[in-house]
Amino acid sequence: MATLKLFNTLGRRKEEFKPLYDNEVGMYTCGPTVYQYAHIGNLRTYIFEDILRRVLEYNNYKVKHVMNITDVGHLTSDADEGEDKMEVGARLAGKSAWEIAQLYTEAFFKDTERLNILKPHIVCKATDHIPEQIALIQKLEAKGFTYRTSDGIYFDVSKFPDYGKLAGQRLEEKEAGARVEVNPEKRNPADFALWKFSPKGVKRQMEWDSPWGVGFPGWHIECSAMSTKYLGQPFDIHCGGVDHIPIHHTNEIAQSEAAEGVKMANFWLHGEFMIVEGRRMGKSEGNAYLLDDLIKRGYDPLAFRYLCLNTHYRIQLNFTWQALDGAQTALERLREHVRTARAGGGDPAQGKISPEVRERFLAAINDDLNVPQALGVVWDFVRSPQNPSDKLATLLDFDRVLGLRLSEVHAEETVEVPQEVRELLTQREAARKAKNFKEADALRAKIAQLGYDVIDTPQGPKVKRR
RNA sequence: GGCGGCGUAGCCAAGGGGUAAGGCAAGGGUCUGCAAAACCCUCAUACACCGGUUCGACUCCGGUCGCCGCCUCCA
């Protein structure tokens, strides 16, 4: 079997993947900050992580997947100033921070479900793990990595020699480009808050007692506390978007490794960003589309998934409507292959998977998740002569990784056809029998106006919703 | 300003020192009363531009331009 190679940000090279324990893999993926809807750029990262998990499972690893929900403490500025995103969102919506978290968490999982992203085995909220976070901070305090300022407890990065190893950046280099320091109480510009005190005279919606005073945890500490709780330390794989490399993941590593004295995670994988029509994607650019925006335009969520599959996760994906059209058509054709095979009596349970084809597919996905190349294998296969059962068996096997829900495609899509359309169909068949094609075409146009396409087959006419 | 990535046909893209995967679109064909679907065929002397290394480069090196990112919240 082809060995699985993954690009490890830690070291910036492809490495052969080996789990820490037998064939079990602990995987932690940074989840959403639930203060707004996830846009398609966010979703791309979750699709990448889903592919990673599926590839691991395809390689017969038993994966334990943990994802956090950031529902407190993520500030609008990383200078440890600014406001908590949750509280801002709550104020803008006229709801409580808790309601906001609930609303956007549900919206997030609705999106991931529609994209056929497997749900993590453990989804953990930051607010449900306050004691664990406090305990971790205490551990750091006992080891002398922390200090107190007027607004919180901070991590002193100068005490952690490896700080910045993930980003390949040394502290001195960071300082060189740093902006004017806004918090004069910080010892080093890169120091970050572990615990923030509630502002004087302000009653926050989310705040807790702690040994240091009433307040809330810093953004990074939740991931350290929860990943250790559920996966132990070290664990196998930690992922997120590339933007997390220099700050969030760098700080997680500092906290976790300072506290436990061992490596946090063996492999760090990061998904590249999405750009739109060659331009930066952002709210101010007006191109930060939501999955709902695509659905409103008539696209299948899985067409978006297909689009993401067609670009390697470490390359920026240039989103264009034309490309999404192409993905939608390609996906539809793939489904058509499944339908035809089913209609031809194909039974996946009876089919055989060609070892050569499977080998090519596996070689692609095991080469740092080269799904675009794997799709090439799929198309080569699908367009070569196959018996229906073998074809189905192979496609459904590959779909364990692709996640395009091909197993849910059946020979016949049963659609409820209105009585009116049925009658027109009967009339049209009569006209065709009488070779009155002018009349038949006119009836077809009428049916089209009602929203259905007529397709003639040797077994009689079929209709398809437009 | 410092650091990094990318630039492959109309669009999305894989690849990698030995002569360009795949998908979409487009053109032609088989099938059909006509369509649709499916299937078959065609479709980059060429990989931003300019130099260099090499028997040979799109692939390596240097420079230029463009885009994206990080250093500062962001998947």
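Model, not experiment: these values are computed from the prediction.
Salt bridge annotation for A:Glu113-A:Lys110: absent, with no cationic side-chain nitrogen under 4.0 angstrom from a carboxylate oxygen. Ion pairing between a basic and an acidic side chain is recognised when a charged N comes within 4.0 Å of a carboxylate O; A:Lys438 and A:Asp441 show no such pairing.
Among all heavy-atom pairs drawn from A:Glu252 and A:Cys30, the shortest one is OE2-SG, 3.7 Å. For A:Asp156 against A:Arg187, the heavy-atom pair with the smallest separation is OD2-NH1, 3.3 Å.
Between B:G69 and A:Arg280, a contact under 4.0 Å exists linking OP1 or OP2 to a side-chain N or O. At least one side-chain nitrogen or oxygen of A:Arg279 sits closer than 4.0 Å to the OP1 or OP2 atom of B:C68. OP1 and OP2 of B:C41 both lie 4.0 Å or more from every side-chain N or O belonging to A:Arg383. For A:His248 and B:C73, the shortest distance from a side-chain N or O to OP1 or OP2 is not below 4.0 Å. The phosphate of B:A13 (OP1 or OP2) has no side-chain N or O of A:Asn310 nearer than 4.0 angstrom.
Cation-pi geometry between A:Arg333 and A:Trp379 is not met at under 6.0 angstrom from the ring centre and within 45 degrees of the axis. Remark: A:Lys119 is positioned above the aromatic ring of A:Phe109, its terminal NZ or CZ atom under 6.0 angstrom from the ring centre and at most 45 degrees off the axis. The cationic group of A:Arg204 lies under 6.0 Å from the six-membered ring centre of A:Phe216 and within 45° of the ring axis, placing it in a cation-pi geometry.
Nucleotides B:A20 and B:C24 have their P atoms positioned 22 Å apart, rounded to a whole Å. B:C3 and B:U72 are spaced 16 Å apart, taking the P atom of each and rounding to whole Å. For the P atoms, the distance linking B:C67 with B:C60 amounts to 23 Å, nearest Å. Spacing between B:G5 and B:U64 at atom P, rounded to whole Å, works out to 16 Å. When the P atom is used for both B:C39 and B:A46, the distance is 32 Å, rounded to whole Å. Only the P atoms considered, B:G69 is 14 Å distant from B:A75, to the nearest whole Å. A gap of 42 Å separates the C1' atoms of B:C73 and B:A44, to the nearest Å. B:U19 and B:A57: their P atoms are spaced 13 Å apart (whole Å).
The residue from A:Lys433, A:Gln427, A:Arg432 that alone fulfils the side-chain hydrogen bond (donor to acceptor under 3.5 Å, both in side chains) condition with A:Glu429 is A:Arg432.
Counting only heavy atoms from C-beta on, A:Asp380 has its side chain closest to B:G22 among B:A75, B:G23, B:G22. Checking B:A25, B:G22, B:C68 against every side-chain atom of A:Ile275, the shortest atom distance belongs to B:C68.
If you check B:U59 for Watson-Crick or wobble pairing at under 3.5 angstrom, you find it has no partner at all. If you check B:C70 for Watson-Crick or wobble pairing at under 3.5 angstrom, you find it paired to B:G2. In a base pair of the Watson-Crick type (N1 to N3 plus N6-O4 or O6-N4) or a G-U wobble (N1-O2 and O6-N3), with each distance short of 3.5 Å, B:U32 is matched with no nucleotide. Under the Watson-Crick or G-U wobble criterion, with both distances below 3.5 Å, B:A26 is paired with B:U42. Across all strands shown, B:U54 forms no Watson-Crick or G-U wobble pair with both key distances under 3.5 Å. In a base pair of the Watson-Crick type (N1 to N3 plus N6-O4 or O6-N4) or a G-U wobble (N1-O2 and O6-N3), with each distance short of 3.5 Å, B:A9 is matched with no nucleotide.
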List the protein contact pattern of nucleotides 26-33 of chain B with one symbol per nucleotide (5' to 3'): B for base contact, S for sugar-phosphate-only contact, - for none; contact means a heavy-atom distance under 4.0 Å. -------B
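Residue side chain A:Asp325 does not reach the base of B:C24 through any donor-acceptor N/O pair under 3.5 Å, judged by distance alone.
For A:Lys159, the NZ atom sits in a packed shell: over 12 heavy atoms of surrounding residues, nucleotides or ligands are nearer than 6.0 Å.
Contacts of A:His248 classified as ring-ring contact (aromatic ring centres under 6.0 Å, His included), with partners at least two apart in sequence or in another chain: A:Trp219, A:His220, A:His244.
The stretch residues 107-121 of chain A does not touch RNA chain B, since none of its heavy atoms comes less than 4.0 Å from the strand.
The side-chain heavy atoms of A:Lys391 and A:Phe381, taken from C-beta on, include a pair separated by under 4.5 Å.
In this structure, A:Ile365 atom CD1 and B:A21 atom C1' are separated by 17 Å, rounded to whole Å.
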